[in-house]
Amino acid sequence: MLSTALGALIGGAIDGADGDDSTMDGALAGAATAIVVRTLVPIAVTYAVGWGVLKGLEVAKDSVFGKRTGS
């Protein structure tokens, strides 16, 4: 909730800097960006950690059993 409000405030401030129109569309874009970032960052971190674990297991397996060459 706080990140969404903060995103709305920052987006509104950035949009209001040019002075052309209301800051509402910038606030909405900032809030939407905060929601997307709050959702996607944990997914990306989880994927990266999982990929690293799988690569580590592959390297460990190859060092124990030797690298497997084609079929």
Side-chain angles (χ1 to χ4, degrees):
M1 178 78 176
L2 182 62
S3 63
T4 305
L6 187 59
L9 288 173
I10 292 171
I14 291 171
D15 190 42
D18 61 5
D20 287 342
D21 56 356
S22 74
T23 59
M24 182 58 80
D25 54 342
L28 289 173
T33 302
I35 290 170
V36 168
V37 167
R38 189 176 57 222
T39 306
L40 290 182
V41 167
I43 292 171
V45 169
T46 302
Y47 179 82
V49 168
W51 183 84
V53 168
L54 287 176
K55 285 306 263 186
L57 289 174
E58 181 181 340
V59 168
K61 179 189 65 97
D62 288 344
S63 68
V64 170
F65 297 112
K67 188 152 181 90
R68 185 173 163 186
T69 58
S71 303

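Index from 1, following the sequence. In this text the structure is predicted, and so the values were computed from the model without any measurement.
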Can you list, pair by pair, the side-chain donor-acceptor contacts under 3.5 Å of residues 46-55, counting residues two or more places apart and other chains?
unit_1	atom_1	unit_2	atom_2	d
Thr46	OG1	Pro42	O	2.7

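- Cluster partners of Val64, by chain and number: Phe65. The rule joins Ile, Leu, Val, Met, Phe, Trp and Tyr whenever side-chain heavy atoms lie under 4.5 Å apart.
- Residues that satisfy the side chain to side chain contact (heavy atoms under 4.5 Å, CB included) test with Val37, not counting sequence neighbours, are Thr33, Val41.
- The side chain to side chain contact (heavy atoms under 4.5 Å, CB included) search around Ala31 returns Thr4, Ala8, not counting sequence neighbours.
- Hydrophobic cluster membership of Ile35, counting Ile, Leu, Val, Met, Phe, Trp and Tyr whose side-chain heavy atoms lie under 4.5 Å apart directly or via other members: none, as it forms a cluster of its own.
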